[in-house]
2 protein chains.
Amino acid sequence: MTQSFSISDLAREFDVTPRTIRYYEAEGMLEPLRQGQRRIYSLRDRVTLALILRGKRLGFSLAEAKEIIDLYDAPQGEAGQLRLLLDKLADKRGLLEEKRRDAENALANMDDYAARCRGRLAELENGGAGQRT
Amino acid sequence: MTQSFSISDLAREFDVTPRTIRYYEAEGMLEPLRQGQRRIYSLRDRVTLALILRGKRLGFSLAEAKEIIDLYDAPQGEAGQLRLLLDKLADKRGLLEEKRRDAENALANMDDYAARCRGRLAELENGGAGQRT
DNA sequence: TATGACGTTTACGTTAACGTAAAGTTATAA
DNA sequence: TTATAACTTTACGTTAACGTAAACGTCATA
């Protein structure tokens, strides 16, 4: 029974406008089937859209996101192609790792700061007596 | 000897143009001292710039990055302010956590895929005999 | 003293990523 | 059968985040 979706189904689910989804198609990132002139999205299309939006959340441009997503559709025929693909994957992996590190550092900084704030708040709440001699 | 930097010092170090740094100032995110009309950046300014650029790498708009950075300069006078600050920090923390999860998921997907590619490559290299019976 | 190298302000230009409006098509409900 | 809801294409508009160019200041050095 392989599911399918209308454009507004996906728009609702991912909280974007139909315009946005059509734009991604115009950029060559989606190719839904058609029933007459209406677009019909498959589960695979839905996954692709999810990948696009995750890429955007991580700060990739659409062009960068497309580069990454296209790697998952790359030809795997001969060994040479596979080696090239693995190289490119390693390259993109580096970008992703940087983002993970950035997020972790930002979280660590923020948690430190919040802890200091909570400390200060505790001081204020116990009456401010006797602290910080 | 508290260090200071020219605009092109920072531009070089962070691989952006002076225009970009001036733009961040116009957006109220930096306030370097002046020596005559020349901008003089402190270590603190440099940290702020680093925070801005990390925010950008993580996909925050400048406005979002500013919101976050401004929290680190928020007033801590009374308990009410501290509680509000802690609320806002928790809010931003959520955004950061989502980005970390996104990055981790993307990395996991990519690593799985790369592993399958390496498997396929190994098959091809050992002559393709006897595999996948 | 003149010539770079570096800085400044002002202002218009550019691009990605959509928003928005107009005008038409198609299926379903009243 | 008419309305209305959801879709379509086409096309111009908008905004963030800078790029780029012009015209000028100022200091060291050849």
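So you know, we letter chains A, B, ... as the sequences are listed, proteins then strands, and number each from 1.
- As rounded to whole Å, 14 Å separates atom C1' of D/dA6 from atom CZ of A/R34.
- Side-chain atoms of A/D45 and A/T48 form no donor-acceptor pair, as typed in the model, at a separation below 3.5 Å.
- Seen from the ring of B/F60, B/K99 counts as a face-on cation partner, given the 6.0 Å and 45° thresholds.
- For the salt bridge (Lys or Arg N to Asp or Glu O under 4.0 Å) test with B/R57, the passing option among A/E98, A/E64, A/E97 is A/E98; the others fail.
- With A/K92 contributing its side chain and A/I68 its backbone, the two residues share no donor-acceptor pair below 3.5 Å.
- Annotation: side-chain hydrogen bond (donor to acceptor under 3.5 Å, both in side chains) contacts involving residues 25-36 of chain A, sequence neighbours excluded, comprise A/E25-A/R34, A/E25-A/R39.
- The residue among B/K56 and B/R38 whose nearest nucleotide of DNA chain D lies closer to the 5′ end is B/K56.
- For DNA chain C, the span of nucleotides reached by chain A at under 4.0 Å from its heavy atoms goes, 5' to 3', from C/dA17 to C/dT26.
- Across the protein-nucleic acid pair, A/Q35 atom CD and D/dT8 atom C1' stand 14 Å apart, rounded to whole Å.
- Atom CD of A/E25 is separated from atom C1' of D/dT9 by 12 Å (rounded to the nearest Å).
- When each of B/R19 and B/S6 is assigned the nucleotide of DNA chain C bearing its nearest heavy atom, the one mapping closer to the 5' terminus is B/S6.
- The interatomic distance linking A/Y23 (OH) with D/dT10 (P) rounds to 17 Å, in whole Å.
- Within the nucleic acid shown, A/R22 comes within 4.0 Å of at least one base atom, counting heavy atoms only.
- The backbone N or O of A/G77 sits less than 3.5 Å from a side-chain atom of A/Q81, completing a donor-acceptor pair.
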